[in-house]
Student: 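Take a look at this one; I'll ask things after.
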Amino acid sequence: MFNLMRLIHRSFSSSPTNYVLQTILPISQLCSNGRLQEALLEMAMLGPEMGFHGYDALLNACLDKRALRDGQRVHAHMIKTRYLPATYLRTRLLIFYGKCDCLEDARKVLDEMPEKNVVSWTAMISRYSQTGHSSEALTVFAEMMRSDGKPNEFTFATVLTSCIRASGLGLGKQIHGLIVKWNYDSHIFVGSSLLDMYAKAGQIKEAREIFECLPERDVVSCTAIIAGYAQLGLDEEALEMFHRLHSEGMSPNYVTYASLLTALSGLALLDHGKQAHCHVLRRELPFYAVLQNSLIDMYSKCGNLSYARRLFDNMPERTAISWNAMLVGYSKHGHGRMEDTGLNIFDGMVAGEYGTKPGTEHYGCIVDMLGRAGRIDEAFEFIKRMPSKPTAGVLGSLLGACRVHLSVDIGESVGRRLIEIEPENAGNYVILSNLYASAGRWADVNNVRAMMMQKAVTKEPGRSWIQHEQTLHYFHANDRTHPRREEVLAKMKEISIKMKQAGYVPDLSCVLYDVDEEQKEKMLLGHSEKLALTFGLIATGEGIPIRVFKNLRICVDCHNFAKIFSKVFEREVSLRDKNRFHQIVDGICSCGDYW
DNA sequence: CTAGGGTTAG
């Protein structure tokens, strides 16, 4: 380098163009030595002779430091000296503004470019998409297509991520068509973006197919398919793909672990979750908030609140998600009981104490809270006072509360309304018919069933499982598939007698069929969570806690059964259902029977 | 010069 400089010096020292040596070379040297301010002083002394190299060096230095002010001075200098930058330099300017989060300025640079190329278009699209401005990203993409710009693999990889967020799968499919037409579909970046799009749209089969057709796979594409499954609650499939990633010789990174943990929390596999945690620590993967948040969630959903709390306390920086995960943990474990505090906070919001007025989601929280506490009338009044139309989520949580607290009238009105809004959601029909059943209104039960059949809505079948020696043992209601079902049934007969002696009274309102009482009792004993509990008693040694999981919400009768079970057999029982954790010790549940 | 996958929430 030094020799080269001397060479340049010798050949140009007497030439009129030796400005390169005297001015621009020092500027780029100052820039690369991090002495940006001095370089800017040099610039101030010069006119248009700054030229391409001078501006390029300065802009690069400003970009490195994200020095917005300084970059603006460079830009101003170009304008003042009437320098007309070429496409490359304009693109650098665009990227600079984009990375400094000045999207409007970046956009202006793009608009004023006499000739745009793929890079300038793509840089703009990518900045919009990375800052969450999905529809703007799509607008720029559309403009690019209209003005005959030809997208490349970079453009496709980036634009697809905005499709699902801003416009739905329709546009995504059209772009998919272009990708196939121009042969970018086997490109690994484009492919992982594509499969991610289909997965996020719920079309996991398509996503899997794209994944399988990729000529090569890497951590990112594997993580995309794992995350896709995990986000849809297809936890076993997610685990399967995680194993595949391993067996194909790749190493998971922190994003992979975050998604893996989602799947593990879904199945409540605490031991595997701990293992994943160990791997993360041993491999010294970056401990970003994303990863910590998913660990907090995993521990809390797997029943280990104190670990979750320890992680939370040790976080150097918490995001909103960390707080949510922790709060959800407490509330699912029944440590909530904070209706009055909640109402206070809400009133404070209305009074403007927190700088934000309550929005739909806050009204939703209050409705949920009141509903769980059995204050159904108040919750219903609250919904009427909401500033906007109540969402299906809010109505759904109130309907659930009506079921638990047997408020038939309000439940009926909420349920009917909900079915109008969400006719495809099987849960709505099921809860409404449960409610009718508990009131003995069998004609209405049949009516709702008929509506369900007519609209061909199907409900996810209820099942419970228990982990034993690295295997998950699944049970359906009246299970006929488990290899040890005979043993379980025999044991069930035996324990039901002991249970009754200890005060278990079957809650017949939990049966959804109009049959005689003896039949009802039999049906109750066939519930999947009871079968899993019984299996746990057989399979594990004395005094070992039994942990059962259910994919839907646990029924009132099974909850009661489990409480007495824990007392009679001196076992700690933990029951995790779709929404909540029930930690039962000596007949007392952590939820305080507050669902 | 420009690119893909991520945690919570009835």
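In what follows, chains carry the letters A, B, and so on, assigned in the order in which the sequence lines appear, proteins first and then strands, with residues in each chain numbered from 1.
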Student: Looking only at side-chain atoms of A:A123, point me to the closest of B:dT2, B:dT8, B:dG5.
Tutor: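 Ranking B:dT2, B:dT8, B:dG5 by closest atom to the A:A123 side chain puts B:dT2 first.
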
Student: With respect to the side chain of A:L418, which nucleotide from B:dG5, B:dG10, B:dT7 is positioned closest?
Tutor: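 In terms of side-chain proximity for A:L418, the closest of B:dG5, B:dG10, B:dT7 is B:dG10.
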
Student: If the cut-off is 4.0 Å, is A:K116 near the phosphate of B:dT2, judged by side-chain N/O to OP1 or OP2?
Tutor: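 For A:K116, the contact criterion (side-chain N or O under 4.0 Å from OP1 or OP2 of B:dT2) is not met.
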
Student: Can you check whether A:N60's main-chain N or O pairs, donor with acceptor, with A:R92's side chain at less than 3.5 Å?
Tutor: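 Pair absent, no side-chain N/O of A:R92 close to backbone of A:N60.
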
Student: Taking atom types as they are modelled, is there a donor-acceptor pair under 3.5 Å from the base of B:dG5 to the side chain of A:N253?
Tutor: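 Side chain to base: pair found, below 3.5 Å.
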
Student: Looking only at side-chain N and O atoms, does A:K301 come under 4.0 Å of OP1 or OP2 in B:dA9?
Tutor: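 So the side-chain polar atoms of A:K301 do come within 4.0 Å of the phosphate oxygens OP1 or OP2 of B:dA9, strictly under.
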
Student: Whether A:Q231 contacts B:dG5 is assessed here as follows: a side-chain N or O lying under 4.0 Å from the phosphate OP1 or OP2. Is that the case?
Tutor: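 Answer no for this pair, as no side-chain N or O of A:Q231 is under 4.0 Å from OP1 or OP2.
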
Student: What is the separation between atom CD1 on A:I210 and atom C1' on B:dG4, rounded to the nearest whole Å?
Tutor: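 Taking CD1 of A:I210 and C1' of B:dG4, I get 13 Å after rounding.
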
Student: Establish whether the base of B:dG4 is bridged to the side chain of A:S193 by a donor-acceptor pair shorter than 3.5 Å.
Tutor: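 Answer no: no donor N or O sits under 3.5 Å from an acceptor.
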
Student: Expressed as a whole number of angstroms, how long is the span from A:H187:NE2 to B:dA3:P?
Tutor: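 In whole Å, B:dA3 P lies 13 Å from A:H187 NE2.
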
Student: So which nucleotide from B:dA3, B:dG5, B:dG10 ends up closest to the side chain of A:K200?
Tutor: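 That would be B:dG5.
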
Student: Just compare B:dG10, B:dG4, B:dT8 and give me whichever is closest to any side-chain atom of A:E422.
Tutor: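 Given the options B:dG10, B:dG4, B:dT8, the side chain of A:E422 is closest to B:dG10.
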
Student: Within the structure provided, determine whether A:L68 and A:C102 are in side-chain contact (heavy-atom separation under 4.5 Å).
Tutor: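 Sidechains of A:C102 and A:L68: in contact.
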
Student: Report yes if at least one side-chain N or O of A:Q130 is closer than 4.0 Å to OP1 or OP2 of B:dT2; otherwise report no.
Tutor: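 No.
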
Student: When the distance from OH of A:Y229 to P of B:dG5 is rounded to whole Å, what number comes out?
Tutor: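 So the two atoms are 18 Å apart, to the nearest Å.
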
Student: Check every atom of B:dC1, B:dG6, B:dA9 against the side chain of A:D297 and return the nucleotide holding the closest atom.
Tutor: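 When the side chain of A:D297 is considered, B:dA9 is the closest of B:dC1, B:dG6, B:dA9.
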
Student: Which class fits the ring pair A:H559 and A:H582: parallel under 30°, tilted 30 to 60°, perpendicular over 60°?
Tutor: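 Ring orientation of A:H559 relative to A:H582: perpendicular.
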
Student: Please list all pairs passing the side-chain hydrogen bond (donor to acceptor under 3.5 Å, both in side chains) test where one or both residues lie in residues 179-196 of chain A, with sequence neighbours left out.
Tutor: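 Matches after skipping sequence neighbours: A:D196-A:K200.
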
Student: Looking at every strand, decide which applies to A:S126 at a 4.0 Å heavy-atom threshold: base, sugar-phosphate, or nothing.
Tutor: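 Touches sugar-phosphate only.
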
Student: Between the base of B:dG10 and the side chain of A:S397, is there a donor and acceptor pair under 3.5 angstrom?
Tutor: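 Answer is no: no donor-acceptor pair is held.
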
Student: Can you tell me the distance, in whole Å, between the CG atom of A:L63 and the P atom of B:dT2?
Tutor: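 Atom CG in A:L63 sits about 9 Å away from atom P in B:dT2.
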
Student: Just compare B:dG4, B:dA3, B:dG6 and give me whichever is closest to any side-chain atom of A:Y288.
Tutor: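 Nearest nucleotide to the side chain: B:dG6.
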
Student: Base, sugar-phosphate or nothing for A:A392? Non-hydrogen atoms, less than 4.0 Å.
Tutor: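 Base contact - A:A392 has a heavy atom under 4.0 Å of at least one base atom.
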
Student: Which part of the nucleic acid, if any, lies within contact of A:T319, taking any heavy atom under 4.0 Å across all strands shown: a base, the sugar-phosphate backbone alone, or nothing?
Tutor: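 Contact class for A:T319: none.
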
Student: Which whole-number value in Å describes the distance from A:M326 CE to B:dA9 P?
Tutor: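 So the CE-P distance, A:M326 to B:dA9, works out to 13 Å.
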
Student: Between B:dG4, B:dT7, B:dT8, which one does the side chain of A:T161 approach most closely?
Tutor: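 The answer is B:dG4, which lies nearest to the side chain.
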
Student: Strictly below 4.0 Å, N to O, side chains only: are A:E381 and A:K384 in salt-bridge contact?
Tutor: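 Judged by the 4.0 Å cut-off on N to carboxylate O distance, A:E381 and A:K384 do form a salt bridge.
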
Student: Scan A:N117 against the nucleic acid and name what it touches under 4.0 Å (heavy atoms): base, sugar-phosphate only, or nothing.
Tutor: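 If one applies the 4.0 Å heavy-atom cut-off, A:N117 turns out to touch a base.
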
Student: Does A:K274 count as lying over the ring of A:Y307, i.e. NZ or CZ under 6.0 Å from the six-ring centre, within 45 degrees of the axis?
Tutor: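 Yes, cation above the ring, under 6.0 Å and within 45°.
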
Student: Quick one: which of B:dG4, B:dT7, B:dT2 gets closest to the side chain of A:F189?
Tutor: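 For the A:F189 side chain, the nearest candidate turns out to be B:dG4.
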
Student: Taking any heavy-atom pair under 4.0 Å as a contact, classify A:L160: base, sugar-phosphate, or nothing.
Tutor: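 Nothing: the residue A:L160, judged by heavy atoms under 4.0 Å, touches no strand.
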
Student: OP1, OP2 of B:dT8 versus side-chain N and O of A:T262: anything below 4.0 Å?
Tutor: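 For A:T262, the contact criterion (side-chain N or O under 4.0 Å from OP1 or OP2 of B:dT8) is met.
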
Student: With sugar-phosphate meaning primed atoms plus P, OP1 and OP2, does A:G400 contact a base, only sugar-phosphate, or nothing at under 4.0 Å between heavy atoms?
Tutor: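 The answer is nothing, as A:G400 stays clear of every strand by at least 4.0 Å.
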
Student: Rounded to whole Å, please give me the gap between CZ in A:R318 and P in B:dT8.
Tutor: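 Spelled out: CZ on A:R318 to P on B:dT8 is 19 Å.
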
Student: Check the side chains of A:N253 and A:T256 for a donor-acceptor pair under 3.5 angstrom, ignoring hydrogens and angles.
Tutor: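 A pair is found: one side chain offers a donor N or O, the other an acceptor, under 3.5 Å apart.
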
Student: Contact class for A:Y254 (heavy atom, under 4.0 Å): base, sugar-phosphate, or nothing?
Tutor: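 A:Y254: base contact, heavy atoms under 4.0 Å.
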
